[in-house]
Amino acid sequence: MPIRYDNRKYYDARWRKLRLLVIEAAGNVCERCGKPHRLLNVAHLQHDPADQRFLAVLCPSCHSRNDTPQRIAMTRRTRAQKRGQLWLTDEIRLAPFPVRTWPLWLRQMDLF
Ligand SMILES: [Zn+2]
């Protein structure tokens with residue numbers, strides 16, 4: 001899956017160093033299926049490239065399986081929005097995205 005343009009800044013030299021350390025710490029095997037693979041990925045388990053706390057070393061197959069529910073949900077949401085079928089409030093619409101990407105007025109809103 002190509003990296004979205006606005007997320008490319010998170011995949012710099014520091015990320016590449018961290019990635020190699022994480023893969024080495026995992027023993028060069030996929031943490032999900034336990035198989036060694038030539039091309040291991042470091043996956044963001046929360047789907048937020050800015051958040052480097054929840055990482056896992058996954059083979060491409062396990063990485064794809066990990067990201068599929070999120071990808072399907074985002075595709076459905078985008079399609080519904082384009083068709084004018086999206087009736088979600090801003091809080092629910094933006095829930096899958098990191099809070100730092102929300103509009104400022106929504107972040108400052110007192111919900112309780
Ligand atoms: Zn795997």
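Reckoned from all heavy atoms, side chains included, excluding hydrogens, waters and symmetry mates. Just so you know, ligand 1 is whichever comes first in the structure, and atom 1 is the first atom listed for that ligand.
Within the 3.5 Å criterion, the main-chain N or O of Trp15 finds a donor-acceptor partner in the side chain of Asp12. Distance alone, capped at 3.5 Å, is enough to place a donor-acceptor pair between the His37 side chain and the Leu39 backbone.
Taking the salt bridge (charged side-chain N to carboxylate O under 4.0 Å, His left out) definition, one finds that Arg83 meets it with nothing, sequence neighbours left out.
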Under 3.5 Å, side-chain donor or acceptor atoms of residues 19-29 against the rest of the protein: list the pairs with distances, not counting sequence neighbours.
| residue | atom | partner | partner atom | Å |
| --- | --- | --- | --- | --- |
| Arg19 | NH2 | Leu40 | O | 2.9 |

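For residues 44-61, the set of pairs meeting the salt bridge (Lys or Arg N to Asp or Glu O under 4.0 Å) definition, not counting sequence neighbours, comprises Asp48-Arg100, Asp51-Arg53.
A side-chain donor from one of Arg65 and Ser61 sits under 3.5 Å from a side-chain acceptor of the other.
Distances from the Zn ion (ligand 1) under 2.8 Å pick out these protein N/O/S atoms: Cys30 SG, Cys33 SG, Cys59 SG, Cys62 SG.
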